[in-house]
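Take a look at the structure set out below.
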2 protein chains.
Amino acid sequence: MTEPRLRADACRNRERILAAACEALVEHGPEVSIEEIARRAGVGNATIYRRFCGRHDLLHHVGLEVLGVLTEEAERARAEEVDALSALRRFAHRASNRSLAAVLPMVYGQTADDEPLHAARERLLGLVKNLMTSAQTTGMMRNDLCLGDFLTALAKLTRPLPGSPRPVVDTVRRQIDLLIDGLRTQRCCTCPERPASSRTHAGPVGSTTDD
Amino acid sequence: MTEPRLRADACRNRERILAAACEALVEHGPEVSIEEIARRAGVGNATIYRRFCGRHDLLHHVGLEVLGVLTEEAERARAEEVDALSALRRFAHRASNRSLAAVLPMVYGQTADDEPLHAARERLLGLVKNLMTSAQTTGMMRNDLCLGDFLTALAKLTRPLPGSPRPVVDTVRRQIDLLIDGLRTQRCCTCPERPASSRTHAGPVGSTTDD
DNA sequence: GCTAAACGGAGACTACCTCCCCGGTTATTT
DNA sequence: AAATAACCGGGGAGGTAGTCTCCGTTTAGC
């Protein structure tokens, strides 16, 4: 049964294609062209068609990969952080890496009635929902919020605006901290007191460092 | 000197085109097609070319109009609200109507070195900047934030995610309130204690009511 | 009711996108 | 190190969609 294992370079290219697809999706929206993804990945467009059978299949695998990473992050955050709100904050930060949270809405629209994708999604939603209710029942988080508020806010903040040369990671992080602080019941500043740069727009272009 | 005044129907159509362009821009991104805008406005595409000389000119006027409305809103908010933070909140709510705040980043990328647009933009930025420093010096708003943090967050939250049938106004409002609460120095819940719907995603599709 | 302004649709032309084929390149195996 | 099979990028055919213009018809305003 199949999967004769990919050659090393083919495997590398497959990863690159998936990563490029994520980037391209969040920047250009759901109907980004295959050519654009290929350009970004630094491969010929034929390579994409060789590895995936068509657009739908590509997006399917993008979705699966992203959902997998996020689910794992949610589990680790829950396990390694002491309280639910810190876990949510950590999860949010991880989800902002490579705009992961913003990829999902782009994929869903294009892959209707895709069963495994739907299942993976429900699993992630369940985990985050648990974190939220846990934070709420322990009194750390306000009660007038539902899952959708948090997740769509996360997706929106994570998604880069067109025109920004490279998403300034620092800004996104700060915005997420702001959001989390808004979620809190009591004020307890989690945001490092980084002096505000008085410049109007983006500061130095930060590298996408992992947390 | 020129501007022989438009006929009533032409004038109406011009408004419709500008409004449709805003909608289309925030939904499809900066390189949305003229055809799509015409479809949305319910006019033939020739009508757009009759009223504006090309894509650049259309976006220029979209930008001017949006900047004009937002500037006026900022001034009114400052004049009519008692404190700077309330003014910011009010401004943010108004800017979320018709996704106004999200239109601007779409326009800027396409209209480089457009002097009047740039001037109008600086004017608005100045007003908002004043509101922010005012809120900060009176101790209502945390100091580790700059103009860009607030404005890009506003633009992102205001921009609809692809796939959402109609932006659920209620959700956007709540997210903005969350953001403003995150800005505060002390907790003082501005958010009406609307009981959280436990449903996973969007609740009822709200109409885009003005504030 | 007349006239000039405005309208929508259709058409020419272009650009880009999808998908496949082919001659050259590279990883792997012995 | 040579053989071989997997893999690669570029280019091309066919198709779709976009931009902008022309033209016969409709409509607002006097």
Look at the side chain of R55(B) and the base of dG18(D), then say whether one donor and one acceptor between them are separated by less than 3.5 Å.
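Donor-acceptor pair under 3.5 Å: no.
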Please state whether the base of dA5(C) and the side chain of R7(B) form at least one donor-acceptor pair under 3.5 Å?
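Answer yes: a donor N or O sits under 3.5 Å from an acceptor.
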List the residues meeting side-chain hydrogen bond (donor to acceptor under 3.5 Å, both in side chains) with R55(A), not counting sequence neighbours, and say none if there are none.
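Counting only residues at least two positions away or on another chain, R55(A) forms a side-chain hydrogen bond (donor to acceptor under 3.5 Å, both in side chains) with Q110(A).
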Using the ring pair (Phe, Tyr, Trp, His ring centres under 6.0 Å) rule, collect all pairs that involve residues 4-53 of chain B, keeping only residues at least two apart or in two chains.
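Sorted pair list: F52(B)-H61(B).
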Provide, to the nearest angstrom, the distance between the CD atom belonging to E35(A) and the P atom belonging to dC20(C).
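Checked: the CD to P distance equals 15 Å.
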Which is true for [X] with a 4.0 Å heavy-atom rule: it touches a base, it touches only sugar-phosphate, or it touches nothing?
X	value
R51(B)	sugar-phosphate
A46(A)	base
N13(B)	sugar-phosphate
R12(B)	nothing

Please determine whether a side-chain nitrogen of the Lys or Arg among E27(B) and R40(B) lies less than 4.0 Å from a carboxylate oxygen of the Asp or Glu.
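Salt bridge: yes.
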For the side chain of D9(B), starting at C-beta, report the closest nucleotide among dA6(C), dC7(D), dT28(C).
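Minimum distance to the D9(B) side chain belongs to dA6(C).
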Taking only side-chain nitrogens and oxygens of S33(B), does any of them come within less than 4.0 Å of OP1 or OP2 of dA17(D)?
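S33(B) to dA17(D) OP1/OP2: no side-chain N or O under 4.0 Å.
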